[in-house]
Number of protein chains: 2
Amino acid sequence: MLLSKSCVYGLRAALFLANQEHGKFIPIRQMSDKLEISFHFLTKILQQLTAEGILESFKGPNGGVRLIKRGEQIPLIDVVLAIDGSELLTECALGLPGCGVKEPCPLHDKWAEARDGIRSMLEESTLTELVQKGRDENLRLTSENGFDILFEVKEGV
Amino acid sequence: MLLSKSCVYGLRAALFLANQEHGKFIPIRQMSDKLEISFHFLTKILQQLTAEGILESFKGPNGGVRLIKRGEQIPLIDVVLAIDGSELLTECALGLPGCGVKEPCPLHDKWAEARDGIRSMLEESTLTELVQKGRDENLRLTSENGFDILFEVKEGV
DNA sequence: TGTTTATGAGAGTCTTTTATCCAAAATAGG
DNA sequence: CCTATTTTGGATAAAAGACTCTCATAAACA
């Protein structure tokens, strides 16, 4: 698997948050329900994102988590590296310690280039951009539901 | 981790074999010693490569494994997919089942493109090509040793 | 005060990956 | 035929990852 499952969930959650009114705190329970991710598991992942300075949280009634910056300013790479660690995009394809420009393995150059393709794609894509695309084309965010699920706000009913 | 540890070992082993006289059976024990990989573990990995038609084996004295085709004709992708499975380069970045052109997730297009960068790099690189590079520039194949370790053949001493 | 909600630590389960071991089968050579 | 060599395949074990759950604490609200 290229990305860990935690990372995949983290991306889904980040997109979910970017699709909300900016600045509003969203309870984790609500996210776990909508995204069909175990509440406890998602909690751990979001705690990581909070610790890494991507989210901020607020306790108590009407509490929850929210993005620290606007979605426009958050590239996917931030989420991926916060969860899977920066080694993900620096590791040697042959597993050699210290593999790099100075002491490369035979695959180093090509591998680095291919990896950087992923990296730059993740650097160039922002949460907002994907949310926009998801809304415009009504794409999926869970196995069944698309971005529209996020709008059926039933508060006050 | 982008590639599993098994896959990484499999690549090292494939390069090792491509650096040997073509057609000669190399005992797994010798490979595990030189490549500093656990004999038993490497055995399992090579069995997979044999089952996938990349290697062939021969039992008994002077037995071992060898590449079925010449290294020129073996792209890295063969080894990677034989071990990590083809899902590796088709999985959805958001983990959605059935994500594809017909039912994409918001990240699908960009992710597919980035993944394909890795894929085509692995398709275009052959074992021989890397062995050649490794020899020419005397690069590493283990944490300590380079391709030269493969030449100290001590038979008949 | 009591309820809501996140935090942090931790225990426990399940699955997959990584790693080790052993008996069986095949083969070569004496 | 006997023995040493080497792969095969099954079984097992250890470690890591993916979860589930609980509990005690803290902050905020009403």
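Convention: sequence-line order gives letters A, B, ...; per-chain numbering from 1. Here the structure is a predicted model, which means the values were calculated and not measured.
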S.K.: What's the CE-P distance between A:M1 and D:dG17, to the nearest Å?
M.R.: 10 Å
S.K.: Would A:R29 count as a cation-pi partner of A:F39, with NZ or CZ less than 6.0 Å from the six-membered ring centre and within 45° of the ring normal?
M.R.: yes
S.K.: Please determine whether residues A:L89 and A:M121 belong to a single hydrophobic cluster, defined as Ile, Leu, Val, Met, Phe, Trp and Tyr linked transitively by side-chain heavy-atom distances below 4.5 Å.
M.R.: yes
S.K.: Round to the nearest Å and state the distance from B:R29 atom CZ to C:dC21 atom C1'.
M.R.: 12 Å
S.K.: Please list, by residue number, the residues of residues 79-92 of chain A whose heavy atoms come closer than 4.0 Å to an atom of DNA chain C; answer none if no residue qualifies.
M.R.: none
S.K.: Could you give all pairs that pass the side chain to side chain donor-acceptor pair (under 3.5 Å) test and reach residues 86-108 of chain A, with sequence neighbours left out?
M.R.: none
S.K.: Counting only N and O atoms by type, is there a donor-acceptor contact under 3.5 Å from the side chain of B:R12 to the main-chain atoms of B:T142?
M.R.: no
S.K.: State whether a side-chain donor-acceptor pair under 3.5 Å links A:R140 with A:N145.
M.R.: no
S.K.: In whole Å, I'd like the distance from the CZ atom of B:F39 to the P atom of D:dT6.
M.R.: 9 Å
S.K.: Hey, what do you get for CG (B:L76) to CZ (B:R119), rounding to the nearest 0.5 Å?
M.R.: 13.5 Å
S.K.: Can a side chain N or O of B:S4 be found less than 4.0 Å away from OP1 or OP2 on C:dT17?
M.R.: no
S.K.: Report, one pair per line, the protein and nucleotides 10-14 of chain C atoms (nitrogen or oxygen only) whose separation is under 3.5 Å.
M.R.:
residue	atom	partner	partner atom	Å
C:dG10	O6	A:K44	NZ	3.1

S.K.: Scan A:L46 against the nucleic acid and name what it touches under 4.0 Å (heavy atoms): base, sugar-phosphate only, or nothing.
M.R.: nothing
S.K.: Separation of B:F25 atom CZ from D:dT5 atom C1', in whole Å?
M.R.: 15 Å
S.K.: Which parts of residues 52-61 of chain B get close to DNA chain D, meaning a heavy atom less than 4.0 angstrom away?
M.R.: B:S57, B:F58, B:K59, B:G60, B:P61
S.K.: Which is true for B:T43 with a 4.0 Å heavy-atom rule: it touches a base, it touches only sugar-phosphate, or it touches nothing?
M.R.: base
S.K.: Which distance, rounded to the nearest 0.5 Å, do you find between the CG of A:L141 and the CG of B:L96?
M.R.: 7.5 Å
S.K.: Less than 4.0 angstrom between a side-chain N/O of B:S38 and OP1 or OP2 of C:dT20, yes or no?
M.R.: yes
S.K.: How long is the line joining CG of B:L42 and P of D:dT6, in whole Å?
M.R.: 15 Å
S.K.: Using the side chain to side chain donor-acceptor pair (under 3.5 Å) criterion, which residues pair with A:E56? Sequence neighbours excluded.
M.R.: A:R66
S.K.: Indicate whether OP1 or OP2 belonging to C:dT17 is found under 4.0 Å from a side-chain N or O atom of B:K5.
M.R.: no
S.K.: Report the distance from atom CD1 of B:I28 to atom C1' of D:dT8, rounded to the nearest whole Å.
M.R.: 9 Å
S.K.: Would you please confirm or rule out a distance under 4.0 Å between OP1 or OP2 of D:dA18 and any side-chain N or O of A:Y9?
M.R.: no
S.K.: Any salt bridge between A:E129 and A:K133, counting N to O under 4.0 Å?
M.R.: no
S.K.: Identify the two heavy atoms, one from B:L139 and one from A:P106, that lie closest to each other, and give their separation to 0.1 Å.
M.R.: CD1-CA, 3.6 Å
S.K.: To the nearest angstrom, how far is B:H40 atom NE2 from C:dT18 atom C1'?
M.R.: 14 Å
S.K.: Donor-acceptor check, side chain of A:D84 to backbone of A:S4, threshold 3.5 angstrom: yes or no?
M.R.: yes
S.K.: To the nearest 0.5 angstrom, please state how far the CD1 atom of B:I26 sits from the CG atom of B:N62.
M.R.: 11.0 Å
S.K.: How does DNA chain C look in dot-bracket form if you count Watson-Crick and G-U pairs under 3.5 Å, write [ ] for pairs that cross, and put | where a base pairs with another strand?
M.R.: ||||||||||||||||||||||||||||||
S.K.: If you pin B:N62 and A:F41 to their nearest nucleotides in DNA chain D, which one's is more 5'?
M.R.: B:N62
S.K.: Verify the cluster assignment for B:M1 and A:W111: are they in a single hydrophobic cluster under the rule of side-chain heavy atoms below 4.5 Å apart?
M.R.: no
S.K.: Output the distance between atom CD1 (A:I74) and atom OG (A:S125), rounded to the nearest 0.5 Å.
M.R.: 13.5 Å
S.K.: Hey, does B:F147 have a side-chain heavy atom less than 4.5 Å from the side chain of B:D136?
M.R.: no
S.K.: Roughly how many Å is it from CD in B:Q47 to C1' in C:dC21, rounded to a whole number?
M.R.: 13 Å
